[in-house]
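Numbered from 1 within each chain, the chains take letters A, B, ... in sequence-line order.
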Number of protein chains: 2
Amino acid sequence: MSEYKTEQPEDEIKPAVIISSEIPDSEYPAVPRTSYGLRVLQSLRRIIRAVDLHSRKLSMQHNITGPQLACLLAVNEHGPLTVSSLAREIHLSPSTIVGIIDRLEQKALVLRRRSSQDRRVINIEITSKGMELVSSAPSPLQETLAKALQGLPEIEQITIVSSLEKIVKLMEAEGIDAAPILVTGSLVNKLVDKKNKP
Amino acid sequence: MSEYKTEQPEDEIKPAVIISSEIPDSEYPAVPRTSYGLRVLQSLRRIIRAVDLHSRKLSMQHNITGPQLACLLAVNEHGPLTVSSLAREIHLSPSTIVGIIDRLEQKALVLRRRSSQDRRVINIEITSKGMELVSSAPSPLQETLAKALQGLPEIEQITIVSSLEKIVKLMEAEGIDAAPILVTGSLVNKLVDKKNKP
DNA sequence: AAATAATAGTTTGAATTGAAACTATTTGTA
DNA sequence: TACAAATAGTTTCAATTCAAACTATTATTT
């Protein structure tokens with residue numbers, strides 16, 4: 001797809017408009033220019049991106065990513081954990097966990113051990129090498145955030161935390177029963193069908 | 001990796017402990033049990049997951065994902081956009097945009113047109129099919145969030161929005177200059193080296 | 001006890017994401 | 001004008017993420 005050829009159709013379309021982000025965009029006007037929903041979503045996208053970038057930096061500098069570190073810390077703190085407990089603990093699906101554990105196991109930071117009680121379950125244990133890493137661990141995002149938060153008055157810290165937790169509630173509730181809201185009829189399905197046959 | 005064999009080493013390790021998420025976990029104690037940083041991070045992970053799950057549901061029901069819809073709406077609103085403007089607009093890297101546009105183009109919702117002024121730039125235009133989809137669009141996450149927020153008193157809405165925007169500032173600032181905080185020495189690099197040779 | 005259902009972990013497939021390396025083009029400089 | 005540097009978009013690569021389908025094991029039902 002788009003193999004870097006110069007054979008695209010020509011234009012004569014008005015040039016790309018100057019968009020709002022040309023203006024320094026962490027400055028919001030006192031009077032909201034857009035809806036709260038939009039601003040929340042915009043913020044969330046940027047937060048998600050910041051988390052991802054942090055993880056990549058971690059990966060560059062310490063050869064361990066954010067999710068990997070999160071799993072390692074959880075196993076270190078709680079002792080051996082099954083895949084599903086770990087999934088619940090850090091709010092990821094089991095299929096996601098498997099890949100992360102694969103990579104941690106490759107690096108010999110954890111190991112899988114099958115239970116003899118119930119041979120379906122796998123216990124994930126931290127290795128000595130894993131413990132070594134944890135004890136001299138790179139400051140996880142958590143601590144960095146904590147440090148950043150400490151620069152604010154405590155009332156504000158509390159406000160931020162409880163706001164976030166409220167958003168979580170809203171979004172997770174939405175996930176369960178926003179389906180009726182989303183189902184605007186299957187018109188769109190007809191417009192955009194899987195095979196895109198004209 | 002872990003090809004579903006039964007040959008793993010046996011255990012005799014204490015069984016996986018009962019972890020906190022066994023307890024209904026959107027209920028937080030009045031007295032914080034953990035640090036603010038941890039709670040913020042926990043919330044962020046859950047929010048990120050909720051966004052992802054929403055996108056998947058959208059994809060199931062309407063054959064368009066969240067990021068795809070975000071791009072489509074941006075192009076619809078601003079008129080033809082270049083890849084880099086679009087990247088700035090929705091806070092994603094250009095390489096990410098390319099993949100998303102590829103898929104939108106496959107579905108004939110947008111098209112690429114190379115500028116004749118400057119043959120390096122590609123303008124992304126919405127097609128009639130794209131406009132049709134937008135006009136009867138599935139409620140984007142933005143609106144769903146807005147609806148959810150409307151259930152709260154406005155003061156609270158404002159608090160939430162400004163808290164989120166504060167977090168954005170903290171995290172994006174951190175992204176720029178938290179490097180010194182993160183660099184805890186290269187010890188970890190020695191513990192976990194790329195090739196894991198013993 | 002045999003058949004069925006439930007559970008635990010895994011694999012597969014697709015989308016998203018960004019850094020780094022790359023191609024093509026334009027701009028700036030010697 | 002020729003050469004270097006900057007810019008725009010792309011490709012490649014790896015990690016994350018989840019649903020759905022799958023294997024192996026345990027629990028339940030008939």
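In this structure, the side chain to side chain contact (heavy atoms under 4.5 Å, CB included) partners of Thr65(A), at least two apart in sequence or on a different chain, are Ser55(A), Ser59(A), Pro67(A), Gln68(A). Scanning for side chain to side chain contact (heavy atoms under 4.5 Å, CB included) contacts around Ser95(B) gives Ser93(B), with sequence neighbours left out. For Glu77(A), the side chain to side chain contact (heavy atoms under 4.5 Å, CB included) test picks out no residue, with sequence neighbours left out. Residues satisfying the side chain to side chain contact (heavy atoms under 4.5 Å, CB included) test with Ile48(B), not counting sequence neighbours, are Ile48(A), Val51(A).
Within the structure, salt bridge (Lys or Arg N to Asp or Glu O under 4.0 Å) contacts touching residues 151-162 of chain B (residues at least two apart or in different chains) are Lys166(A)-Glu156(B).
The separation between Ile64(B) atom CD1 and dA14(C) atom P is 18 Å, rounded to whole Å. The interatomic distance linking Lys107(A) (NZ) with dA14(D) (P) rounds to 14 Å, in whole Å. One interatomic measurement links the two molecules: CG of Leu69(B) to P of dA15(C), which rounds to 16 Å at whole-angstrom precision. For Leu92(A) and dA15(D), the CG to P distance is 16 Å, given to the nearest whole Å. Between the P atom of dT11(C) and the CG atom of Asp102(A) lies a distance of 7 Å, rounded to the nearest Å. Atom P of nucleotide dC18(D) and atom CD1 of Ile101(A) are separated by 14 Å, given to the nearest angstrom. One can place CD1 of Ile124(A) at 12 Å from C1' of dT10(C), the figure rounded to the nearest angstrom. Spacing between atom CD of Gln68(B) and atom P of dA14(C) amounts to 14 Å, rounded to whole angstrom units.
Of the candidate nucleotides dT17(D), dA15(D), dT10(C), dT10(C) has the atom lying nearest to any side-chain atom of Ile122(A). Nearest nucleotide to the side chain of Val121(B), out of dT17(D), dG18(C), dA8(D): dA8(D). Closest to the side chain of Thr82(A), out of dG9(C), dT17(C), dT11(D), is dG9(C). Picking from dG18(C), dT11(C), dA15(D) the nucleotide with the shortest atom distance to the side chain of Arg49(A) gives dG18(C). For Arg56(A), the listed nucleotide lying nearest its side chain is dT17(C); candidates were dA19(D), dT17(C), dT10(D).
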Below 3.5 Å is the cut-off: list the nitrogen or oxygen pairs between protein and nucleotides 26-29 of chain D, distance only.
unit_1: dT26(D); atom_1: OP1; unit_2: Arg119(A); atom_2: N; d: 2.9

Mind running side-chain contact (heavy atoms from CB on, under 4.5 Å) on Leu164(A) and Leu44(B) for me, showing each step along the way? CA-CA 8 Å; Leu164(A) 271 179; Leu44(B) 291 182; 4.1 Å; yes
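Smallest separation of non-hydrogen atoms from Ile124(B) and Val75(B): O-CG1, 3.4 Å.
Contacts of Ile97(A) with the nucleic acid, taken as non-hydrogen atoms under 4.0 Å apart, are absent. Note on Leu53(B): only backbone sugar-phosphate atoms sit closer than 4.0 angstrom, heavy atoms only; bases stay farther off.
OP1 or OP2 of dC18(D) sits under 4.0 Å from a side-chain N or O of Thr96(A). Distances shorter than 4.0 Å separate some side-chain N or O of Ser84(B) from OP1 or OP2 on dG9(D).
Nearer the 5' end of DNA chain C, as judged by each residue's closest nucleotide, is the contact made by Val83(A), out of Pro94(B) and Val83(A).
The shortest side-chain heavy-atom distance between Cys71(A) and Leu86(A) falls under the 4.5 Å cut-off.
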